[in-house]
There are 2 protein chains.
Amino acid sequence: MDDYQEHSLGGRVFQKIREDILSGKYQEHDELREAALGKELGVSRTPVREALRQLELEGLVTIIPNRGAYVTGISQKDIWDIYSLRSLLEGMCARWAVEHITEEQLDEMEEIILLSEFQLKKGSGFSAEQITALDGRFHDVLYEASGSRILSHVLTDFHSYVQPARKSSVISEDRARKSIREHKQILRAIRDRDAEMAEQLANEHILHVMQNLKKQGYQTD
Amino acid sequence: MDDYQEHSLGGRVFQKIREDILSGKYQEHDELREAALGKELGVSRTPVREALRQLELEGLVTIIPNRGAYVTGISQKDIWDIYSLRSLLEGMCARWAVEHITEEQLDEMEEIILLSEFQLKKGSGFSAEQITALDGRFHDVLYEASGSRILSHVLTDFHSYVQPARKSSVISEDRARKSIREHKQILRAIRDRDAEMAEQLANEHILHVMQNLKKQGYQTD
DNA sequence: ACATGCATTAATGTATACAATCATACGAGA
DNA sequence: TCTCGTATGATTGTATACATTAATGCATGT
């Protein structure tokens, strides 16, 4: 699937439009005309149509037959809902990972944490971009480690949805430090095969992220 | 979206192939050739391609660039995972519904329960088809009532995934009776605005379905 | 006999052409 | 003036044609 998204025009068009919707370039109720998009991206209507059909399935676009495609986008409430659900699901994920994680995955998560701490130790010159990327990788590995295609799929989708929101929100150094500490605790619980603890920690980890969002004046309802 | 799936060729092709995968007509690793599918369905490759791209996004098909589309399907473990996650999410759904449900939705769920009991009272001549359809409608309304696009979307997807599995598994009259009783309890809790109770009941409702599956020798790991 | 390279073939990837549908504007009639 | 019908333009829906890529088989050389 990654190969496909990488190499085919349709896949790239899909990613591009998706990003443009999530980043806010295209806004709610904007009409997405196939010909216009194709011209802008330098491709024909065919790949654009494929992309729009995929986006509709994802719920980011609404297609009215013989009329057109309209941006649905995701609201702040949607993002808040996603975090609420992630809190539950990441807990379940950590619980399942206790039974399914491999040594390689444990090592990879360990390494990601070390890299994160290294980034952080740079002091005020640390790259927020790098930190969020590492955070993303940590969660991705955890998703894989659950041993469940289904759960991994849902969580990966959710994660990509809120990615732009995270980028736009300033990540405080304080929050980054605490986040990494929480990652370490989660990893420790999984290593110790303590399912109960792993679930609770992963659960609370997301709740803490939500508290942080709230503090920054994020719409919660 | 329903209009789209209904009226356009691409939408119908998508639904058809999706059903054929979920029902087992196309099995794991089967190759889905665009031309062959188009010929079989009496359409050109274009709508078939759109459908395959959508199915890939859903995880039911894997596309290897310049090679072809292969059925991924869903395993018994996948279905089991879905029920596990549904247990969590339906709980959350019922909790949220307590705050967002409308009078109309309450009435509709009430009516669905009455119709279900009517079907059941027919005795041994009751239609399992009808019962499962009503069960589906009950849950759909509940999903809507959560007031969350995101949650509703995920649960609807999950529900459609396990639908074929439910059809193939014999629904015992005993289980149907208990299921309707549980629906009544859930509805009662929501009416009473008892979020805690609603969540717990919805949660357990799915767990009971899982126990029933297990009793029928369903693979759980 | 086996490996390698090229030609052939069949599939997908993309673009374009044609058909069907919908929105808009204009004009005729009440 | 208002309404309804029609014509026109624009957009989507579908089919087909062309380009590109990958697999297969055969021939050739070692």
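Every chain is numbered from 1 and lettered A, B, ... according to where its sequence line falls, protein lines coming before strand lines.
Residues B:Glu50 and A:Arg49 meet the side-chain proximity criterion, which asks for heavy atoms closer than 4.5 Å. Counting heavy atoms from C-beta outward, B:His183 and B:His205 have side chains that approach closer than 4.5 Å.
At a threshold of 4.0 angstrom between heavy atoms, the contacts of A:Leu52 with the nucleic acid are absent.
Residue A:Thr46 places none of its side-chain N or O atoms closer than 4.0 Å to OP1 or OP2 of C:dT14. OP1 or OP2 of C:dG13 lies within a sub-4.0 Å distance of a side-chain N or O belonging to B:Arg53.
Atom P of nucleotide D:dA10 and atom CD1 of A:Ile64 are separated by 21 Å, given to the nearest angstrom. For the pair B:Arg49 CZ and C:dG13 C1', the computed distance is 6 Å after rounding to whole Å. Taking atom CZ of residue A:Arg33 and atom P of nucleotide C:dC22, one finds them 17 Å apart after rounding to whole Å. The distance between atom CZ of A:Arg45 and atom C1' of C:dA17, rounded to the nearest whole Å, is 10 Å. Remark: C1' of D:dG13 and CZ of B:Phe14 are 18 Å apart, rounded to the nearest angstrom. The distance between atom CD of B:Glu31 and atom P of C:dA11, rounded to the nearest whole Å, is 8 Å. Computed from coordinates, the A:Lys39 NZ to C:dA15 C1' distance equals 16 Å when rounded to whole Å. Atoms CD (A:Glu50) and P (C:dT14) sit 7 Å apart, rounded to a whole Å.
When each of C:dT16, D:dT12, D:dA15 is scored by its nearest atom to the side-chain atoms of A:Ser44, the top-ranked nucleotide is C:dT16.
Where A:Val43 and B:Arg67 each meet DNA chain C at their nearest nucleotide, the meeting point lying more 5' is that of B:Arg67. Mapping A:Asn66 and A:Gly42 onto DNA chain C by nearest heavy atom places A:Gly42 at the nucleotide closer to the 5' end.
Here the closest heavy-atom approach between residue B:Val209 and residue B:Arg175 is recorded as CG2-NH2, 3.7 Å.
With ring centers used as reference points, B:Tyr70 lies 6.0 Å or more from B:His29.
The main-chain N or O of A:Leu114 is never found under 3.5 Å from a side-chain atom of A:Glu117 such that the two would form a donor-acceptor pair.
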